[in-house]
Protein chains: 2
Amino acid sequence: MSPLKQNRSNDRNKDVRDQILRAAKELFAKKGYEGTTVRQICHEANVSLALVSYHFGGKENVFFEVFQPIRQLFENMKYDLSDSLGALKSFCRQFVIFRNEESELVSILQQELVMNSPRLEMLTDVFLPSWEQLRLILQECQEKNLIDFPSVDVAVNFIMGTLMFSHNNAFLNRTQSEMSPEQVADFAVNFIINGLQATSEQGKR
Amino acid sequence: MSPLKQNRSNDRNKDVRDQILRAAKELFAKKGYEGTTVRQICHEANVSLALVSYHFGGKENVFFEVFQPIRQLFENMKYDLSDSLGALKSFCRQFVIFRNEESELVSILQQELVMNSPRLEMLTDVFLPSWEQLRLILQECQEKNLIDFPSVDVAVNFIMGTLMFSHNNAFLNRTQSEMSPEQVADFAVNFIINGLQATSEQGKR
DNA sequence: GTCTATACGCCGATAGAC
DNA sequence: GTCTATCGGCGTATAGAC
């Protein structure tokens, strides 16, 4: 490390690209893509305004790069369809864990999904496989008569809603959750598996 | 109606304020508040750029006014806590119906919630009562031992996730849902009520 | 590689004619 | 009330010194 480099921040020695990506991820999650300016990112990263364009070629490319670390992770997500109920439980649990570990990425993803942003195209490889896996698992469960529910599509929505929406709002969840991530995961698995079971009340007003 | 008024649009005779509000609601739902420009709103409403400021005093006030019609509706939302299980079912069903009838407003609300926008303060009276109602209902259910679940807070999140997140994305729900809104409501009620039931499996890996 | 200074467009808001 | 034209500001991106 050159002694000429100013040490303007505690971890200035980290690579500039990483600093920008870290700041961008944090700000995108908090304020949204459009609500975040390149100026803010560079300020938070303690670098000058020009470096986003120099290193990444623009704000949009920073957005893309932010998701790079998890692209590999998602490619390896395969579930054993022969044990489809187990696969469903495993999927839900892993998603809750992932959501907890990468809460910022999930928050960004959620925002882009909700507003159907043009950037979703750059993210299809990140989340579409998960959606498809879940759909396949649910179809298996239905075909084997393990669970009985009226619609795979609607079920996918309920499940992803349950898994993604939770714990993302500062002032709705005013009291810090008393549950550990593992307990939340258990609760989520339980909620979803039981929820999909049809009851005799179904269709009744 | 003055014959001097140009009839530039099919429903130009409608009040200009209403036209602006209609266009704004549609665009906010589709592109988000920040992603929507005043120019777009006025173009879609077939009025000139100046009229947003003239009639409402700015973009933010348009946003506030868009939610005006449902403010009254939400104030009257009371549930019979003595029948807390019935109240829970009723809450869920009404929310699905509401989501279906006012899908644009729900979409806007969802976006603002997810990105914790500064405009949420203007919307507390719209949704916070619902959240509180649900929390109260769940607490009642728990105290009366009607349902057994580990955390009211987390349950609120699961439920609102299930109710709000569903059916909002254009290309995830590629196949049009084969269920009617009432059937979806039934499924949602069933999903949530059954989901909250604890099983002996809870806590098991 | 990193900086400062600046280009240039689009934003929301408004002045002023009609 | 409604329009067109324009203002001032901030957005991203880049030119050019170091």
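Reminder, nothing fancy here: chain letters follow the sequence lines and each chain counts from 1. No experiment lies behind these values; they were computed from the predicted model shown.
Across the protein-nucleic acid pair, B/Asp18 atom CG and D/dG1 atom P stand 14 Å apart, rounded to whole Å. The separation between B/Leu49 atom CG and D/dC7 atom P is 15 Å, rounded to whole Å. For the pair A/Phe56 CZ and D/dT14 P, the interatomic distance rounds to 15 Å; values are reported in whole Å. At whole-Å resolution of the value, NE2 in A/His43 and C1' in C/dC3 are 17 Å apart. B/Ile20 places its CD1 atom 12 Å from the P atom of C/dA13, with the value rounded to the nearest Å. One interatomic measurement links the two molecules: CD of B/Gln40 to C1' of C/dC11, which rounds to 11 Å at whole-angstrom precision. Between A/Asp15 atom CG and C/dT2 atom C1' the separation is 13 Å, expressed in whole Å. In this structure, the NZ atom of B/Lys59 is 16 Å from the P atom of D/dC10, given to the nearest Å.
Here the side chain of B/Leu51 is nearest to one of D/dA13, D/dC3, C/dT2, namely D/dC3. Listed nucleotides: C/dA13, C/dT4, D/dA13. Nearest to the side chain of A/Ala50: C/dT4. Side-chain proximity of B/Ser48 to the nucleotides D/dA13, C/dA15, D/dT2 is greatest for D/dT2.
B/Ser53 comes within contact range of at least one nucleobase, with a heavy-atom separation under 4.0 Å.
Checked options A/Phe98, A/Trp131, A/Phe127; the residue passing with A/Phe74 is A/Phe98 (criterion: ring-ring contact (aromatic ring centres under 6.0 Å, His included)).
With ring centers used as reference points, B/Phe165 lies 6.0 Å or more from A/Phe165.
Annotation: cation-pi pair B/Lys59/B/Phe28 absent, no NZ/CZ under 6.0 Å from the ring centroid and within 45° of its normal.
Side chains of A/Glu112 and A/Phe63 form a contact here, defined as non-hydrogen atoms less than 4.5 Å apart.
Between B/Tyr54 and B/Thr37, it is B/Thr37 whose nearest contact on DNA chain C lies nearer the 5' terminus.
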